[in-house]
A.B. asks: 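The structure follows.
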Amino acid sequence: MVFERYVEVGRVALVSCGPYKGKVCAIIDVIDQNRALVEGPSTKQGEEGVPRQAIRFKLLQLLPYKIKIAHTTRSKALKSAWDKESISTKWTTSIVCQKLDARKRRQLLTDFDRFKLMKTKQRRQRLIRLCMGPKPKDKANK
Amino acid sequence: MKFRGNLRQYEVIGRKVPKDKSEVVPLYKMKIFAPDDIVAKSRFWYFIKKMKKVKRSNGEIINVRELYEKRPLKIKNFGVWLRYDSRSGTHNMYKEYRDLTTSGAVTSCYREMGARHRARAHNITILRVAEVKPADCRRPHVLQFRDSHIRFPLPHRVVGNWNRPRFTTKRPRTLYK
């Protein structure tokens, strides 16, 4: 069993629970078996990052990104290492992030939005069906 | 007395009420770990009564202030010297914790004493708490984190899905490589 994602200084992780849910941070140091000291600069404009704090490993999802920092670096050094690896871009363009955003957007849909979505899907399906042509008659079941 | 939630560190200063203005009375200061300042004052009188000839009824508390952690974002190794009553006797203990704050370490200590030794909060006396340098740590569970290139995977992850059904035909996914 070879693991690819390790808890290590510089490992990027997603916070899956709590007030910073959905935000991305880097592990700066390991406190003990259950907790890590993390900090995450903001990945999107106008959105706050994860302030330096202790978070339990149970609330973190390790991501396949890693930045090169020494343990317990200061916020500035962390930010420059973060930007050097362009973690923000890697994260916001990743499928996981896009799926999470889509889920968030779906939750915020109003009834009118859902109606519009339904109509758009219908229109799209009609176009697809026109392109595919009429269904061929099933010769085996005749 | 319940030591609920996270404990805080208080500095309580009290003295015996002077009989008249000319009497000079010594001040006593104690560092107490308690969930709030009310319990801190109570514990102050509990300890002072054992050591000095002063009680709550003939004494007064001059000041209670909370002591905050100087560097709450720095990981430290804490040594906790404590004394506790077991079912058959009273013992001293030394425990080590890796934490960010002194009160966090002492909270962990109370929880651990309750779990491992069934010691209740009123049976535990914290004698001394001090930050221990990594080279002077003794306990293996603290020593193993004395590594600046620490690296370990998270095997067999049990994800807390509180909405999962009681009965299911699928085994849970625990491998997150």
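Chain identifiers are assigned alphabetically (A, B, ...) following the order of the sequence lines, protein sequences preceding nucleic acid strands; residue numbering begins at 1 within each chain. We use all heavy atoms of the structure for the numbers below, so side chains are in, but hydrogens, waters and symmetry mates are not.
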A.B. asks: Are the side chains of B:I150 and A:V7 in touch, meaning some heavy atoms are under 4.5 Å apart?
C.D. replies: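 Not in contact.
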A.B. asks: What pairs with A:R5 under side-chain contact (heavy atoms from CB on, under 4.5 Å), at least two apart in sequence or on another chain?
C.D. replies: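 So A:R5 forms a side-chain contact (heavy atoms from CB on, under 4.5 Å) with A:R11, A:L62, A:P64.
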A.B. asks: Looking only at heavy atoms, which two atoms of A:F3 and B:P155 are closest? And how far apart?
C.D. replies: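 Shortest heavy-atom contact: CZ-CB, 3.7 Å.
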A.B. asks: In terms of hydrophobic clustering (I, L, V, M, F, W, Y; side-chain heavy atoms under 4.5 Å; direct or indirect links), are A:V15 and A:I31 co-clustered?
C.D. replies: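 No: no chain of side-chain contacts under 4.5 Å links A:V15 to A:I31.
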A.B. asks: Would the number of heavy atoms belonging to other residues, nucleotides or ligands and lying under 6.0 Å from CD of A:E48 be above 12?
C.D. replies: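 It does not: A:E48 CD has 12 such atoms or fewer within range.
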A.B. asks: Say whether B:L82 and B:V106 are linked into one hydrophobic cluster, either directly or through other cluster members, by side-chain heavy-atom distances under 4.5 angstrom.
C.D. replies: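 In one cluster: yes.
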A.B. asks: Which residues in residues 88-97 of chain A have any heavy atom lying under 4.5 Å from a heavy atom of chain B?
C.D. replies: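 At a heavy-atom separation under 4.5 Å, chain B is reached by no residue of residues 88-97 of chain A.
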A.B. asks: Does B:Y94 have more than 12 heavy atoms from other residues, nucleotides or ligands lying within 6.0 Å of its OH?
C.D. replies: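 For B:Y94, atom OH is crowded (more than 12 foreign heavy atoms under 6.0 Å).
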A.B. asks: Looking only at non-hydrogen atoms, find the nearest pair between B:L100 and A:A54 and report the distance.
C.D. replies: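 What the structure gives for the nearest pair is CD1-CB, 3.7 Å.
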A.B. asks: What part of A:Q33 lies closer than 4.5 angstrom to a heavy atom of chain B: side chain, backbone, both or neither?
C.D. replies: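 Its backbone and side chain both get close to chain B.
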A.B. asks: With a 6.0 Å cut-off (strictly less than), is the heavy-atom count around CZ of A:R129, excluding the residue itself, greater than 12?
C.D. replies: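 Counting neighbours around CZ of A:R129, 12 or fewer heavy atoms of other residues, nucleotides or ligands fall under 6.0 Å, so no.
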A.B. asks: Any non-hydrogen side-chain atom of B:D99 less than 4.5 Å from a side-chain atom of A:R35?
C.D. replies: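 Side chain of B:D99 against side chain of A:R35, heavy atoms only: contact under 4.5 Å found.
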A.B. asks: To the nearest 0.5 Å, tell me how far B:K74 NZ sits from A:L37 CG.
C.D. replies: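 Reported value, rounded in 0.5 Å steps: 12.5 Å.
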A.B. asks: Taking the side chain as everything from C-beta on, heavy atoms only, tell me whether B:F152 gets closer than 4.5 Å to A:E8.
C.D. replies: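 Counting from C-beta outward, B:F152 and A:E8 never come under 4.5 Å.
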A.B. asks: So, for A:F57 and B:R157, which heavy atoms are closest and what is the spacing to 0.1 Å?
C.D. replies: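 In this case the closest contact between A:F57 and B:R157 is O-NH2, 2.5 Å.
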A.B. asks: Within the supplied structure, the quantity of interest is the number of heavy atoms (other residues, nucleotides, ligands) at a distance under 6.0 Å from A:M132 CE; does it exceed 12?
C.D. replies: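 No, because the 6.0 Å sphere around CE of A:M132 holds 12 heavy atoms or fewer from other groups.
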A.B. asks: Applying a strict under-4.5 Å side-chain criterion to I, L, V, M, F, W and Y, I'd like to know whether B:Y28 and B:V25 cluster together.
C.D. replies: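 Hydrophobic grouping puts B:Y28 apart from B:V25.
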A.B. asks: Quick one: CG on A:L60 to CG on B:L154, what's the gap to the nearest 0.5 Å?
C.D. replies: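 Result: 8.5 Å between the selected atoms.
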A.B. asks: Let me check something: do A:Y65 and A:I69 share a hydrophobic cluster, defined by ILVMFWY side-chain heavy atoms less than 4.5 Å apart, either directly or through other members?
C.D. replies: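 Yes: a chain of side-chain contacts under 4.5 Å links A:Y65 to A:I69.
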A.B. asks: Taking all heavy atoms of A:V30 and all of B:I75, pick out the closest pair and write down the distance.
C.D. replies: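 That would be O-CD1, 3.9 Å.
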A.B. asks: So if you build clusters from Ile, Leu, Val, Met, Phe, Trp, Tyr with side-chain heavy-atom gaps below 4.5 Å, do A:V9 and A:I28 land together?
C.D. replies: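 Result: yes, single cluster for both.
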A.B. asks: If I take atom CG from residue A:D29 and atom CZ from residue B:F145, how far apart are they, to the nearest 0.5 angstrom?
C.D. replies: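 The CZ atom of B:F145 is 10.5 Å from CG of A:D29, to the nearest 0.5 Å.
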A.B. asks: More than 12 heavy atoms of other residues, nucleotides or ligands under 6.0 Å from CD of B:E131: yes or no?
C.D. replies: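 More than 12 within 6.0 Å, yes.
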